[in-house]
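Please read the structure below before turning to the comments.
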Amino acid sequence: MAKIIVVTSGKGGVGKTTSSAAIATGLAMRGFKTVVIDFDVGLRNLDLIMGCERRVVYDFVNVIKKEATLNQALIKDKRTPGLFILPASQTRDKDALSMEGVQTVLEDLAKDFEYIICDSPAGIEQGAQMALYFADEAIVVTNPEVSSVRDSDRIIGILQSKSLKAEQGGTVKEHLLLTRYNPERVAQAEMLSVADVEDILAVPLLGVIPESEAVLKASNQGAPVILDQESEAGQAYLDAVSRLLGEEMEHRFLEVQKKGFLKRLLGGK
Amino acid sequence: MAKVCFQMKGTAFTAVVMDLQSYSADLFPAQLKQKIDTAPQFFNASPLVLNLASFEGQLEDEQLEHVVTVCREQGLQPIACRGATTELRYTIMGLGLASLPASKSKSSEIPAEPAQAAPVKAEKKQPVVEVAPAFRPSKVITKPVRSGQQVYAEGCDLIVMAAVSEGAEVLADGHIHVYGPLRGRALAGVKGDTDARVFCRQMEAELVSIAGYFVMNEKLRELCWKEAAHAYLDGESIQVSAI
């Protein structure tokens, strides 16, 4: 039985799509057959981050409206075996998704895949609620900043009250993923620390992704940052995937790194 | 066999009752807004029964219409009038509301009474029949109350064993106890119990209210910020002190 994981945040621009792409790629790299679905109908981005925008023929809405089969719409990732992308439609809006349609697609995917990653749109409206409704687990992406933390708190409340699991009396397992973390700015008290965010949200920490130039570079190149294993962000995502699979790992990149002479020479980004 | 379409059942609902005591075209809307602002989420779309039994004097048709309109504008849902005089019956029907008898003891009397005598009678009987307070177990919440969520302990105390986030609201007719940080709004004694109190292990609230009186975050910061504290009503002002 496939595990459905929603990547959500409430606030926009915190790194949901980047994280969805990285985590889906990471799971596939670990040998799990994984599909990542773009729920952001109308603002299709996942295909760009995954570098498959030119291969989109049919999309999620076509499948829901039965204008295409799932196999026609699924795009096989060229870099990572066992990874598939179900792109969103760019020409429709979020009302094109129906609860029954989404359920049917997820049930069909569950037959073939071990992990289904749902990349949620921002906001708390229908589109976001649709993305999280069928989830078994949720990765709540948060920036170390007050408005992002508050929106995450709100979306966790929705997960606990408006998801299928919650309606059946169960709970959606939550993970906190802190992105764009900058230890130097935390040290200068310009940014919330990991401890602050954990204190407010009270959700187990899945990972801390340091702010890194590699993320922007990866997005523009259309290659998930997790493939860039030289970068701290790539390594942090690898750790996060390991923790998602139940492995215990120490959190890295939380402290300000004092760059020694040698390190500066070798360039440690 | 044809499929059964429905089943009739009798049930009891909880509704807010507004005891209308006097009418003023200016004061009524202002006072209602003030009341609703103390707990907007609680009053939002809540069913409302207008009790006219304790109204002083005679309520005119247009006045009742205005009262109902204002209630609807403020987001309440008037569903019925209670204890209205027979003259108002058609106006009530016209407003799409149900007419309920004043209360069990009075129901047979009012239509039979002469019109002038009715209000006098009603005034004297003002103390509503008190139902003996039955034991109501407290409501216990073990998970964090998140931003945007609201928890209301009706007719009892509320115990929250986790954090109340900023933007969350906890309400109780009785006391409120919060064992995690209290960062949202806490409203105790929302039905007017002035003896209700708010207890918390870590006071960081946006607002603390007791029986409609409240203190805001700024004041709380001066008093016992991030400390274990409790709030109670002393006359018309809320006292907050460490525990």
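Computation of the quantities below employed the complete heavy-atom set of this structure, encompassing side-chain atoms and omitting hydrogens, waters and symmetry-equivalent molecules. No experiment lies behind these values; they were computed from the predicted model shown.
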Inset, instruction - Flag yes if more than 12 heavy atoms outside Phe28(B) fall under 6.0 Å of its CZ atom; otherwise flag no. - result: yes

Inset, instruction - Could you tell me whether Met99(A) atom CE has more than 12 heavy atoms of other residues or ligands within 6.0 Å of it? - result: yes

Mind listing the donor-acceptor pairs under 3.5 Å that bridge chain A and chain B?
from, atom 1, to, atom 2, distance (Å)
Arg150(A), NH2, Glu166(B), OE1, 2.4
Asp153(A), OD1, Arg146(B), NH1, 3.0
Asp153(A), OD1, Ser165(B), OG, 3.2
Asp153(A), OD2, Ser147(B), N, 2.7
Asp153(A), OD2, Ser165(B), OG, 2.7
Gly157(A), O, Gln149(B), NE2, 3.2
Asp199(A), OD2, Arg183(B), NH2, 2.7
Leu201(A), O, Arg146(B), NH1, 2.6
Leu201(A), O, Arg146(B), NH2, 3.0

Inset, instruction - Measure distances from Ile124(A) to the heavy atoms of chain B and classify the residue's part below 4.5 Å as side chain, backbone, both or neither. - result: neither

Inset, instruction - Output the residues of residues 238-246 of chain A for which the shortest heavy-atom distance to chain B is under 4.5 Å, in residue-number order; output 'none' if no such residue exists. - result: none

